[in-house]
K.L.:
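The structure that follows is given in the form of structure tokens.
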Amino acid sequence: MKKQQLNEIVARLVAQNGFTANGITKSSFIRESISAKGYFLPKNPSKVMDLVISYFKEQKAITIQTITKKLNSGARLSLTLDEWTSLANKRYLNINIHCKESVFFNLGLVRIVGSCDAIETQKIVNQHLKEFGITFEQHIVASTTDGANVMCKFGRESPAHHVQCMNHAINL
């Protein structure tokens, strides 16, 4: 079995268990558990956050490499988008891409600041896809969104086929 790296352990504590970097550094139980595995956990919360960011960068590079291989082999992608609002009333756009082989990649949440119409949504999506080496016009076949007016207009304006998710309509 592959031994986990410290940055992976810390990133999982933050992402999956909801611990803050400050909470991780102050918890004697976490510190002792990580020390028992043979690691040294920094005492500074910003250094712990650096571990999370380094793990994110490693995983993003792996994702980009995998997507690039798929695109080089001629794969075409589908896109799903959904807007999400946090408890702190901050808005995000979740972007996923899907391949024919039932493989999907969550490209993450993109923060929406201020108002966001269909044109701004297009800009956000295009910019975020570009970070992963994907262009909407070249690689995306179709997009699926909920039935919100902004998303419907996004679909009409996009160069790919657009489908509204029927699961959202069932709730209404």
K.L.:
Looking at side-chain heavy atoms only, is the closest gap between Leu107 and Ile67 below 4.5 Å?
P.N.:
yes

K.L.:
Is it true that a side-chain atom of Ser86 and a backbone atom of Ala88 form a donor plus acceptor pair closer than 3.5 Å?
P.N.:
yes

K.L.:
Check step by step if side-chain contact (heavy atoms from CB on, under 4.5 Å) holds for Ser78 and Phe104.
P.N.:
CA-CA 9 Å; Ser78 293; Phe104 84 97; over 6 Å; no

K.L.:
Is it the case that one hydrophobic cluster holds both Ile124 and Leu109, taking links as side-chain heavy atoms less than 4.5 Å apart, direct or via other members?
P.N.:
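No, Ile124 and Leu109 fall in different hydrophobic clusters.
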
K.L.:
Counting only N and O atoms by type, is there a donor-acceptor contact under 3.5 Å from the side chain of Ser35 to the main-chain atoms of Glu32?
P.N.:
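Looks like no, no N/O pair under 3.5 Å.
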
K.L.:
I'd like to know if the side chain of Arg91 reaches the main chain of Glu83, judged simply by a donor and an acceptor atom lying under 3.5 Å from each other, with no hydrogens or angles considered.
P.N.:
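No, because the side chain of Arg91 does not come within donor-acceptor range (under 3.5 Å) of the backbone of Glu83.
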
K.L.:
Check the pair Gln59 / Ile62 against side-chain contact (heavy atoms from CB on, under 4.5 Å), numbers first and verdict last.
P.N.:
CA-CA 5 Å; Gln59 294 305 305; Ile62 291 168; 3.9 Å; yes

K.L.:
At their closest point, which heavy atom of Asn7 faces which heavy atom of Glu58, and how far apart are they?
P.N.:
ND2-OE2, 3.0 Å

K.L.:
Considering non-hydrogen atoms only, spot the tightest contact between His139 and Gly133 and give its length.
P.N.:
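The pair with the smallest heavy-atom distance is CE1-O, 3.8 Å.
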
K.L.:
Indicate the atoms forming the closest heavy-atom contact of Ala11 with Val52, along with that distance.
P.N.:
CA-CG2, 4.0 Å

K.L.:
Under 4.5 Å between side-chain heavy atoms, hopping through other hydrophobics if needed: is there a path connecting Val103 to Leu77?
P.N.:
yes

K.L.:
Decide yes or no for Leu41 and Val10: does some side-chain heavy atom of the first lie under 4.5 Å from some side-chain heavy atom of the second?
P.N.:
yes

K.L.:
Check the hydrophobic clustering (I, L, V, M, F, W, Y; side-chain heavy atoms under 4.5 Å; chains of links allowed) and say if Val110 and Val150 are grouped together.
P.N.:
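No, Val110 does not connect to Val150 through the hydrophobic network.
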
K.L.:
Mind checking the CG-CD spacing from Asp117 to Gln122? Nearest 0.5 Å is all I need.
P.N.:
10.0 Å

K.L.:
So with a 6.0 Å cut-off around CG of Asn149, is the heavy-atom count from everything else above 12?
P.N.:
no

K.L.:
Evaluate whether atom CD of Gln127 has more than 12 neighbouring non-hydrogen atoms of other residues, nucleotides or ligands under 6.0 angstrom away.
P.N.:
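Counting other residues, nucleotides and ligands, CD of Gln127 stays at 12 neighbours or fewer.
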
K.L.:
Let me confirm one number: the CG-CD1 distance from Leu13 to Ile24, rounded to the nearest 0.5 Å.
P.N.:
4.5 Å

K.L.:
Do Arg31 and Lys43 come within less than 4.5 Å of each other through their side chains, counting heavy atoms only?
P.N.:
yes

K.L.:
Please check: side-chain N/O of His128 versus main-chain N/O of Ile95, any donor-acceptor pairing under 3.5 Å?
P.N.:
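Side chain of His128 to backbone of Ile95, a donor-acceptor pair under 3.5 Å: no, none is there.
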
K.L.:
Side chain to side chain donor-acceptor pair (under 3.5 Å) between Thr20 and Asn22: does it pass, once the steps are laid out?
P.N.:
CA-CA 5 Å; Thr20 63; Asn22 197 33; 5.5 Å; no

K.L.:
Could you grab the distance from atom CD1 of Ile140 to atom NE2 of His161, nearest 0.5 Å is fine?
P.N.:
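Interatomic distance, Ile140 CD1 to His161 NE2, rounded to 0.5 Å: 14.0 Å.
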
K.L.:
Return the minimal non-hydrogen interatomic distance between Cys152 and His162, and the atom names on each side.
P.N.:
CA-CE1, 4.2 Å

K.L.:
List the atom of Thr25, the atom of Pro42, and the distance in Å for their closest heavy-atom pair.
P.N.:
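Answer, listing the atom of Thr25 first, then Pro42: CG2-O, 3.7 Å.
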
K.L.:
Could you measure the distance from the OG1 atom of Thr80 to the CG atom of Asn96? Nearest 0.5 Å is fine.
P.N.:
4.0 Å

K.L.:
Identify whether Leu6 and Phe56 are in the same connected component of the hydrophobic contact network (ILVMFWY, side-chain heavy atoms under 4.5 Å).
P.N.:
no

K.L.:
Please determine whether the number of non-hydrogen atoms from other residues, nucleotides or ligands lying under 6.0 Å from atom NZ of Lys60 exceeds 12.
P.N.:
yes

K.L.:
Tell me whether Phe136 shares a hydrophobic cluster with Ile134, the cluster being built from Ile, Leu, Val, Met, Phe, Trp, Tyr side chains joined at under 4.5 Å.
P.N.:
yes

K.L.:
side-chain contact (heavy atoms from CB on, under 4.5 Å), that's the test. Do Ser143 and Phe154 meet it? Break it down for me.
P.N.:
CA-CA 10 Å; Ser143 64; Phe154 167 85; 4.1 Å; yes

K.L.:
Taking all non-hydrogen atoms of both residues, which atom of Ala21 and which atom of Pro45 are closest, and how far apart?
P.N.:
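Between these two residues, the closest heavy atoms are CB-O, 3.5 Å.
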
K.L.:
Leu129 vs Leu79, test: side-chain contact (heavy atoms from CB on, under 4.5 Å). Steps then yes/no.
P.N.:
CA-CA 10 Å; Leu129 290 176; Leu79 178 74; 4.2 Å; yes

K.L.:
Parallel, tilted or perpendicular: which one describes the rings of Trp84 and Tyr92, with boundaries at 30° and 60°?
P.N.:
tilted

K.L.:
Check whether Arg12 reaches the backbone of Asn17 with its side chain - one donor and one acceptor, N or O, closer than 3.5 Å.
P.N.:
no

